[in-house]
Amino acid sequence: MPRMTMIEAIRDAMDVAMGRDDNVVVFGEDAGYFGGVFRCTQGLQQKYGSSRCFDTPINESGIIAAAIGMASYGLRPCVEIQFADYMYPAYDQIVSEAARIRYRSNGEFTCPIVIRMPTGGGIFGGQTHSQSPEALFTHVSGLKTVVPSNPYDAKGLLIAAIDDPDPVIFLEPKRLYNGPFNGHHDRPVTPWSKHELGEVPQGTFKVPLGSAAVRREGSDVTILAYGTMVYVAEAAADEAAVEADVIDLRTLLPLDLDTIVTSVRKTGRCVIVHEATLTSGFGAELAALVQEHCFYHLEAPAIRVAGWDTPYPHAQEWDYFPGPARVSHAIREVMEA
Amino acid sequence: MPRMTMIEAIRDAMDVAMGRDDNVVVFGEDAGYFGGVFRCTQGLQQKYGSSRCFDTPINESGIIAAAIGMASYGLRPCVEIQFADYMYPAYDQIVSEAARIRYRSNGEFTCPIVIRMPTGGGIFGGQTHSQSPEALFTHVSGLKTVVPSNPYDAKGLLIAAIDDPDPVIFLEPKRLYNGPFNGHHDRPVTPWSKHELGEVPQGTFKVPLGSAAVRREGSDVTILAYGTMVYVAEAAADEAAVEADVIDLRTLLPLDLDTIVTSVRKTGRCVIVHEATLTSGFGAELAALVQEHCFYHLEAPAIRVAGWDTPYPHAQEWDYFPGPARVSHAIREVMEA
Amino acid sequence: MVAENRLSFHVPEPEVRPGDEPDFSDVVIPRAGSVPRPSVDVDPKDIRDLAYSIIRVLNRQGEAVGPWAGALTDEQLLEGLKHMMALRAFDARMLMAQRQGKTSFYMQHMGEEAVSCAFRKALNPGDMNFPTYRQAGLLIAGGYPMVDMMNQIYSNELDPLKGRQLPVLYSSREYGFFSVSGNLATQYPQAVGWAMASAIKGDTKVAAAWIGDGSTAESDFHAALVFASTYKAPVVLNIVNNQWAISTFQGIARGGSGTFAARGLGFGIPALRVDGNDYLAIHAVSKWAIERARRNLGPTLIEHVTYRVGAHSTSDDPSAYRPKTESDAWPLGDPVLRLKNHLIVREVWSEERHKQAEAEVLDTVISAQKEAEKHGTLHAGGKPSTRDMFEEVFAEMPPHLKRQRQQAGV
Amino acid sequence: MVAENRLSFHVPEPEVRPGDEPDFSDVVIPRAGSVPRPSVDVDPKDIRDLAYSIIRVLNRQGEAVGPWAGALTDEQLLEGLKHMMALRAFDARMLMAQRQGKTSFYMQHMGEEAVSCAFRKALNPGDMNFPTYRQAGLLIAGGYPMVDMMNQIYSNELDPLKGRQLPVLYSSREYGFFSVSGNLATQYPQAVGWAMASAIKGDTKVAAAWIGDGSTAESDFHAALVFASTYKAPVVLNIVNNQWAISTFQGIARGGSGTFAARGLGFGIPALRVDGNDYLAIHAVSKWAIERARRNLGPTLIEHVTYRVGAHSTSDDPSAYRPKTESDAWPLGDPVLRLKNHLIVREVWSEERHKQAEAEVLDTVISAQKEAEKHGTLHAGGKPSTRDMFEEVFAEMPPHLKRQRQQAGV
Ligand SMILES: Cc1ncc(C[n+]2csc(CCOP(=O)(O)OP(=O)(O)O)c2C)c(N)n1
Ligand SMILES: Cc1ncc(C[n+]2csc(CCOP(=O)(O)OP(=O)(O)O)c2C)c(N)n1
Ligand SMILES: [Mg+2]
Ligand SMILES: [Mg+2]
């Protein structure tokens with residue numbers, strides 16, 4: 001199997017989808033000729049022409065609205081928002097329109113669109129290139145929300161998302177584009193070419209939406225994570241010297257609750273980690289579900305480790321980022337509780 | 001003390017604030033000459049002139065952006081978004097701008113604005129006149145979020161919000177405008193004129209942001225609620241025949257965690273209710289906090305009763321609305337656990 | 001240094017308010033037939049004037065005059081009249097039904113019937129409208145069954161939208177009527193996207209976007225114009241200027257620009273204003289714009305100049321913000337009356353036949369209503385199920401919704 | 001029925017791409033001095049042409065000609081030259097500092113120095129800019145200390161913004177420079193709100209809004225124009241058209257409209273285009289617009305026609321999407337060179353004095369840099385504290401943030 005970076009895997013997914021189905025179109029700011037600021041769409045315009053892959057004006061609402069109109073026509077747009085931090089102007093189109101068109105028209109009109117956006121921090125991107133807005137999507141009925149953590153999943157989930165009959169928010173942890181960053185910013189990152197999850201099957205293959213992956217098994221504690229935090233969780237488990245179930249959620253909605261509940265009932269302890277700010281983050285939903293479904297198995301409260309409740313700072317990147325030290329501290333806390 | 005409806009109390013708060021301080025300005029769609037579709041700003045243009053209270057073009061983003069610019073000039077805008085369901089076009093201005101201007105300018109520029117919006121269901125308003133988007137604000141660092149449940153609080157909290165040096169989201173449960181609706185849609189609602197919380201002090205008085213109110217005390221179970229759900233919770237407690245602490249949160253952020261924790265540690269049981277859709281709703285944050293801070297006192301998991309994870313339907317209003325039957329069912333569940 | 005004058009704040013105000021004498025003397029109405037008809041491949045630069053005039057066909061004598069006249073046969077015009085009469089009768093019955101508590105809410109078209117009825121007849125099968133709540137004429141003139149509209153309004157057991165949507169927010173793919181949103185302006189750029197898709201696929205279908213005067217202030221209006229202009233999308237961008245946006249007069253949204261049509265000029269989009277109470281003019285201008293789109297010449301903006309005679313909705317009372325008799329003073333008259341008079345001038349219609357037609361139309365509406373009410377109204381009789389509430393959130397119901405449906409006991 | 005042609009999809013493309021010969025032959029450049037100067041209270045309708053022309057003062061011979069010339073003294077011009085030179089030197093040093101890892105990111109002004117430097121000098125104390133990331137000339141020409149700009153860029157211990165903001169997103173209330181947002185276009189309507197506030201208070205201050213060509217496509221651009229037009233706000237709406245928006249040429253945002261300035265016309269807002277590489281022209285046009293605002297005549301839109309010579313940012317490499325030598329072919333030349341030549345023609349400057357001034361400017365920048373670096377750079381030396389991270393989220397820290405700060409151990 002070829003080795004790919006996450007960027008290459010994402011590009012390959014779109015390439016495969018465009019090759020199979022004329023209705024798949026790709027567009028976004030700088031996504032056409034140039035191939036995207038992270039180069040995820042590079043080469044697609046050349047290969048499929050500028051009717052299938054093109055640049056857009058800088059108007060996120062227009063991008064999503066156009067995609068919605070196209071989807072109702074019968075196309076399958078897979079669009080790029082340059083950074084998740086810039087999706088807010090499109091939030092109305094996503095929430096009030098894309099998410100509800102099927103429902104309000106009783107299925108007469110549907111909205112099979114994929115909205116890709118780089119998410120998360122760790123790149124000194126400051127307030128507007130670092131955000132993790134997943135909870136703003138999981139609260140909205142009618143949207144699916146996906147966060148891959150490696151090239152293999154990225155390709156398989158993206159093809160599944162493009163094939164999905166409903167709108168899918170596809171959040172790409174930008175700090176993982178080139179390797180499994182684990183929060184140790186002072187150490188070199190293994191490139192994907194040397195990582196087994198950098199092995200990506202050719203052609204069409206899917207990772208189904210709604211299924212989590214258990215990245216490692218252990219009986220001491222369950223760590224729930226997604227995106228970059230999967231690697232942070234693994235590093236933290238090592239540093240705390242515990243045997244942890246590390247669950248990579250992959251899809252936040254629909255959520256693979258069974259895998260979570262099975263694990264927490266086994267371990268009796270749960271740590272939840274994400275980069276987004278703590279309050280009303282997706283970790284709140286996870287903690288609520290865990291205590292609801294595993295109450296009688298829990299030895300300690302489920303603990304959340306998350307971004308602080310401040311805007312994402314620039315200079316204090318590593319004070320803000322919930323790295324291995326904070327996560328292993330939380331692990332020890334639940335272990336000792 | 002005069003008796004007021006919630007509409008009158010809200011209007012009175014703005015009147016008092018405008019009377020005291022020339023910098024307070026009020027505007028929104030239909031909010032000027034006509035006095036707002038719910039008549040909350042009626043008479044203010046006549047009294048203070050159209051430089052202080054005026055109609056705006058239908059552009060929610062423009063309304064908030066203008067308010068931000070004015071606030072940075074030194075005014076104190078208190079603006080109306082016609083329905084909370086229509087705040088999405090302004091979400092970028094609220095999240096990316098209002099919430100962060102103080103932080104990113106290190107306090108050089110600040111944003112003392114109040115954004116009023118009618119929220120919640122119960123009026124056969126369908127998908128676009130019924131939403132409860134509070135969790136979309138509580139996740140955003142730099143915003144305060146307030147939900148009054150009666151005329152007294154509405155006035156006191158609104159004056160406090162206008163005086164607050166930071167942006168405040170002020171969600172007005174529209175089903176409570178004229179009386180304490182408790183979910184029994186087939187029974188008449190007591191008008192505020194016959195309710196003690198319809199007694200509203202004249203002139204300036206404040207209810208501080210960040211403090212909850214214990215509406216009734218009991219040792220069986222804690223019910224956390226806000227807005228319309230406070231009355232639903234009371235009705236449900238009666239119907240379940242339990243002695244409940246019914247806590248009206250009033251402010252979601254900053255949250256009065258102490259009052260919550262004290263109560264749950266006392267009762268050992270907790271039911272959380274809100275109208276917004278369940279997943280990633282504010283109830284998730286409450287459940288997460290409750291289990292985090294009261295784990296060893298809990299006899300049963302904290303249970304959430306909320307709107308279903310569907311768009312707000314029209315005909316199925318009362319199937320969707322989390323009324324007393326569903327809440328009392330949940331109460332019995334935690335009592336029996 | 002010169003002492004500077006202090007600034008002052010300007011808020012546009014309508015000429016008159018309740019109690020005042022209605023006054024439209026500032027509304028310039030060009031003579032019918034006076035505006036030229038350019039060829040559809042004209043350079044947009046050369047017709048900027050059309051954004052400041054009003055294309056009219058029917059004159060005061062009820063004659064069809066000028067270069068935009070002559071496209072419609074007697075039969076087509078008679079059909080048009082009946083559509084408008086049907087829409088008016090439908091509105092009257094549904095308003096009453098709302099007052100009777102048979103539904104929660106209703107929005108009428110009084111005075112604006114010509115706009116959507118005439119436009120619809122200029123489209124081809126397969127074209128798609130992205131309407132607002134005030135274009136039911138697109139359905140009526142398109143032959144959509146009235147009883148289905150009523151089922152939707154009543155949220156009854158035959159409601160095609162299963163009770164999920166607010167009354168009048170219809171949806172019909174088959175009839176080229178995109179699901180109406182309760183949020184203003186959002187669908188304007190979606191129409192552009194739909195049109196882009198038609199171009200991407202190399203098809204021949206065109207889209208029509210709809211928006212109110214007040215809603216042109218929304219930012220999505222800009223998104224639509226930007227995308228339409230950049231990609232030369234085959235779309236007709238309609239603005240229905242009915243002078244009011246709930247309680248605010250059009251000056252609040254229009255600001256310092258002379259007209260709403262002028263908004264198109266900054267995008268190089270040809271912009272035409274049309275007498276929105278003149279069935280013939282609307283039809284002719286719509287045809288022109290639709291042909292442009294279909295010939296790959298790109299978008300056209302049409303401002304339909306009309307007047308909202310009724311209240312904004314059943315929740316509104318306009319006497320609080322405008323003179324009660326303002327609609328009588330509206331200089332473009334009543335669209336039904338004007339077409340009726342024209343047909344009489346044409347000698348294919350008469351007062352008697354009109355009366356008779358009114359009765360027939362009413363019958364049709366009433367019998368549709370009876371039929372619909374057999375299947376329930378909002379608070380009585382048959383209705384969509386609680387199960388329906390959980391369906392179609394997604395194509396396939398995910399586990400958490402199944403759990404919730406179970407909790408709901410359905 | 002005529003067989004219909006199939007539609008096709010249109011995506012605007014620049015004339016040339018990497019490898020091609022640069023070509024600006026389609027850019028029409030009017031002669032310097034040829035555009036009339038209307039009085040500030042002109043009816044906007046009468047100057048629609050100005051939205052399609054370019055106001056220029058400096059001709060090819062370096063002379064200042066025409067009705068927009070003559071406002072500035074030798075001294076003022078010499079000062080302007082030095083501001084532009086300072087900005088250019090500042091950019092060069094900071095670009096290098098970024099390459100050396102002293103900061104994470106930088107954005108330069110190469111080719112566009114005249115725009116912000118000249119505009120700044122047309123404002124009064126108390127006026128407020130709502131800038132983008134490419135108007136540091138407003139600070140330099142306003143006398144803001146360079147070392148503070150560097151402290152911000154370095155996120156060091158003296159960073160006035162405490163390390164919270166991305167480099168170059170400065171903020172200074174005192175210097176009339178509103179906190180720059182990383183989100184495009186959001187501040188355009190905020191500037192209008194600020195200007196409305198000045199009018200509401202009956203003050204004399206005016207606001208200036210700033211936006212790039214690409215960002216005019218954002219919907220907030222519309223919000224700004226709607227509010228400015230409706231309330232006749234005392235604001236100058238600047239568009240800096242530097243031909244590129246990262247990798248997309250201006251045709252993507254502009255679509256079928258002839259110019260960006262034309263966008264103002266649909267709002268009745270007077271719109272002027274100015275040679276953005278001509279210090280004198282920018283200053284004169286800005287003065288005109290600012291005077292209009294201050295005389296309560298409402299908003300003006302100015303399109304500054306210039307060229308982004310450098311990369312979009314330190315994260316960008318333009319050779320991937322445009323010919324490397326395109327900037328040399330840009331027909332409006334280099335703003336520094338043009339003002340320098342004018343001053344030589346005026347006989348108040350010389351090649352030698354210019355060289356000397358270059359050296360002086362560089363010295364000033366370098367010594368500011370040394371001073372700043374004493375207080376740290378992004379990854380070395382003094383820096384803002386973790387405590388700072390928790391401050392100023394709110395005026396008063398709420399309990400949950402205190403708890404978190406405690407957890408963070410600070
Ligand atoms: C985003 C949004 N904001 C506000 C509203 C509330 N609203 C409904 S209709 C309306 C007025 C619209 O006026 P106009 O566009 O002129 O259309 P008309 O009703 O005259 O046909 C308003 C403000 C809404 N539905 N959506
Ligand atoms: C809302 C938003 N969308 C996208 C971006 C990413 N972005 C940053 S600069 C830029 C290009 C802006 O071009 P232009 O407005 O022409 O300004 P210039 O850089 O040329 O000065 C883009 C797309 C952003 N910062 N904010
Ligand atoms: Mg209207
Ligand atoms: Mg640019």
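Chain letters run A, B, ... following the sequence lines, proteins first, then strands; residues in each count from 1. A quick note: this is a predicted structure, and the numbers were derived from the prediction, not measured.
In this structure, the side chain of A:Gln127 does not engage the main chain of D:Gln165 through any donor-acceptor pair within 3.5 Å.
The shortest side-chain heavy-atom distance between D:Arg17 and A:Tyr33 falls under the 4.5 Å cut-off. Under the 4.5 Å side-chain criterion, counting only non-hydrogen atoms from C-beta, A:His314 is in contact with D:Ser104. Residues A:Asp309 and D:Val393 have side chains not in contact (no heavy-atom distance under 4.5 Å, counting atoms from C-beta outward).
Note: A:Phe34 and D:Tyr321 have perpendicular aromatic rings, judged against thresholds of 30 and 60 degrees for the angle between ring planes.
With a 4.5 angstrom heavy-atom cutoff, D:Phe390 touches chain A via backbone and side-chain atoms both. Contact of D:Glu392 with chain A is not made at all, since no heavy-atom distance falls under 4.5 Å. Only the backbone of A:Tyr312 comes within contact range of chain D, with at least one heavy atom under 4.5 Å from a heavy atom of that chain. If you measure heavy-atom distances from A:Leu278 to chain D, the contacts under 4.5 Å come from the side chain alone. Using a 4.5 Å cut-off between heavy atoms, A:Glu60 contacts chain D through both its backbone and its side chain. Both the backbone and the side chain of A:Phe124 come within contact range of chain D, with heavy atoms under 4.5 Å apart. Neither the backbone nor the side chain of D:Thr216 comes within less than 4.5 Å of any heavy atom in chain A. Heavy-atom distances place the side chain of D:His400, and not its backbone, under 4.5 Å from chain A. When heavy atoms are compared at a cutoff of 4.5 Å, D:Asp316 approaches chain A solely by way of its side chain, counted from C-beta outward.
Of the listed residues D:Leu169, D:Thr386, D:Val410, the one with more heavy-atom pairs under 4.5 angstrom with chain A than any other is D:Thr386. Taking D:Ala320, D:Ser315, D:Ser215 one by one and counting their heavy-atom pairs under 4.5 Å with chain A, the maximum is reached by D:Ala320. By number of non-hydrogen pairs under 4.5 angstrom with chain A, the leading residue of D:Lys383, D:Glu391, D:His379 is D:His379. For the options D:Ala253, D:Ser385, D:Pro12, D:Ser8, heavy-atom pairs under 4.5 Å to chain A are most numerous at D:Ser385. When each of A:Tyr88, A:Phe54, A:Trp308 is scored by its heavy-atom pairs under 4.5 Å with chain D, the top score falls to A:Trp308. Highest contact tally toward chain D, considering only A:Gly32, A:Ala315, A:Ser50, A:Ser51, is held by A:Ala315 [criterion: heavy-atom pairs under 4.5 Å]. Contact count versus chain A (heavy atoms, under 4.5 Å) is highest, among D:Arg164, D:Glu218, D:Lys162, for D:Glu218.
Of the N and O atoms on the side chains of D:Asp388 and A:Gln316, not one donor lies less than 3.5 Å from an acceptor on the other residue. Between the side chains of D:Ser247 and A:Asp30, at least one donor N or O lies within less than 3.5 Å of an accepting N or O. Defined by atom type and a distance below 3.5 Å, a donor-acceptor pair is missing between the side-chain atoms of A:Thr128 and D:Asn183.
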Steps toward side chain to side chain contact (heavy atoms under 4.5 Å, CB included) verdict (D:Val11, A:Asp55): CA-CA 8 Å; D:Val11 181; A:Asp55 287 315; 5.6 Å; no

Verdict with supporting geometry, A:Val37 and D:Ile246, side chain to side chain contact (heavy atoms under 4.5 Å, CB included): CA-CA 9 Å; A:Val37 293; D:Ile246 309 186; 4.2 Å; yes

